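Single-structure report; data block below.
Heavy atoms only: backbone and side chains are in, while hydrogens, waters and symmetry mates are out. Treat the numbers as computed from the prediction; the structure is a model and nothing was measured.
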Amino acid sequence: MVFGLLRDCEIEKAIADKKLKFEYAEGELYQPQKDKVKDPKERQLQPSSFDLTIGKIFFPPETEYDPDKLHYHYPKGSKGAKIGPGESLFIETAETLTLADDLAAFGFPPARLSRSGLTMTNPGHVDPGYKGKLSFTIVNLGRDIMTINSGDVIATLLIFSLSGSADVPYKNSTDKDEKETRERRAKLLNQLSPDFGNFSQRIVDEAARAVQKLSVKLEWAKLLVPALAGAVSAVFIWFIGFVPNFSAIATETEIEEIIQTVDAKILSLSARIGQLEDQKEILSFDDELDALREEIRKLKNE
């Protein structure tokens with residue numbers, strides 16, 4: 001076998017020579033001939049790599065497992081899961097990988113995973129002689145809730161042929177008994193935070209700060225509105241005192257109508273000023289005051 005990165009035909013040969021094996025549940029083995037009939041995009045065997053898929057999905061516990069009783073915990077793996085922004089989870093591959101003593105591998109997230117906003121925190125090297133499933137930690141750094149399912153591609157595996165067999169190959173992980181497997185998995189989940197970087201809590205805190213700012217603005221509004229209403233009332237009282245015997249010549253209903261009329265006139269004058277500004281016409285401030293005085297005089301005489 002050629003030393004270096006294996007291409008598809010060399011991966012097939014390693015499988016045929018039993019130096020490389022991908023085993024699924026119930027002892028089913030990967031068979032290149034069945035893979036070739038699929039659409040090229042759906043094949044696990046790529047031109048110079050092999051795609052590993054999701055087997056089981058595990059979420060870290062909200063409360064850590066008791067360190068003294070890790071072997072009692074058997075987290076139930078899911079075949080499908082939704083992962084929200086900032087959430088993390090632990091994945092085991094569907095395939096059990098077997099490497100000969102002169103083969104090594106490197107697993108890393110495929111481009112399609114990164115484009116979706118999902119990030120793998122522990123891509124890395126697989127030693128010669130390894131036998132077992134591979135596990136990966138996934139974090140959603142995107143904006144949306146993502147759905148992942150058993151059978152989805154989770155890692156791309158590059159396989160390398162060494163110049164010779166390793167002197168001390170990796171000890172097979174499958175040599176561990178069920179108790180050790182439970183303890184290892186529970187320990188890994190204890191180390192994994194459900195909320196990567198406290199992302200969700202930071203969102204809640206930011207929302208709380210935004211609500212607080214809005215509350216302050218509303219409190220100011222509660223203070224300013226009565227103050228403005230008082231100012232308007234004061235101006236109106238001044239206006240009544242300024243016009244001789246005003247209260248004697250106008251009823252309460254008439255006063256309200258006058259106020260509405262004045263408001264309408266002010267709006268009309270504002271619109272006229274805007275039109276004049278748009279047309280770039282110059283109107284002196286004194287003339288505007290005279291016009292306003294004339295409007296008020298007409299209202300008093302009506």
Next on the checklist: Checking the side chain of K19 only, and the main-chain atoms of L99 only, is there a donor and an acceptor separated by less than 3.5 Å?
Outcome noted: no

Item to check | Same apolar cluster (I L V M F W Y, side chains within < 4.5 Å links), I11/Y24 | outcome: yes

Item to check | Residues in side chain to side chain donor-acceptor pair (under 3.5 Å) contact with D127, at least two apart in sequence or another chain | outcome: H125

Checklist outcome for this item: Across all chains, not counting sequence neighbours, the side chain to side chain contact (heavy atoms under 4.5 Å, CB included) partners of P110 are R112, L113, V153, T156

Checklist entry - Taking everything shown except I145 itself, do over 12 heavy atoms lie less than 6.0 Å from its CD1? => result no

Item to check | Side-chain donor/acceptor of R43 to backbone N/O of K38, under 3.5 Å | outcome: yes

Checklist entry - Are F160 and F106 close enough that their ring centres sit under 6.0 Å apart? => result no

Checklist entry - Can you tell me if D17 uses its side chain to pair, donor with acceptor, with the backbone of A14 under 3.5 Å? => result no

Which pairs of donor and acceptor atoms, one on a side chain in residues 77-85, lie under 3.5 Å apart (sequence neighbours left out)?
from : atom 1 : to   : atom 2 : distance (Å)
S78  : OG     : G80  : N      : 3.1
S78  : OG     : G80  : O      : 2.4
K82  : NZ     : T147 : OG1    : 3.2

Checklist outcome for this item: Residues at least two apart in sequence or cross-chain that pass side chain to side chain donor-acceptor pair (under 3.5 Å) with D35, listed by chain then number, are Y30

Checklist outcome for this item: To the nearest 0.5 Å, atom CG of L134 lies from atom CD of E92 at 10.0 Å

Checklist outcome for this item: Taken in chain and number order and not counting sequence neighbours, the residues that satisfy side chain to side chain contact (heavy atoms under 4.5 Å, CB included) with D39 are K41, E42

Item to check | Check ion pair K13-E10 (N to O, under 4.0 angstrom) | outcome: no

Item to check | Residue pair Q46 / D8: nearest heavy atoms and the distance that separates them | outcome: O-CB, 3.5 Å

Checklist entry - Do the side-chain N and O atoms of E95 and T53 include a donor-acceptor pair separated by under 3.5 angstrom? => result yes

Item to check | Non-neighbouring partners of E12 that pass side chain to side chain donor-acceptor pair (under 3.5 Å), sequence neighbours left out | outcome: K36

Item to check | Set of residues satisfying side chain to side chain donor-acceptor pair (under 3.5 Å) with respect to T93, sequence neighbours excluded | outcome: none

Next on the checklist: If the condition is side chain to side chain contact (heavy atoms under 4.5 Å, CB included), which residues does S116 pass it with, not counting sequence neighbours?
Outcome noted: L118, M146

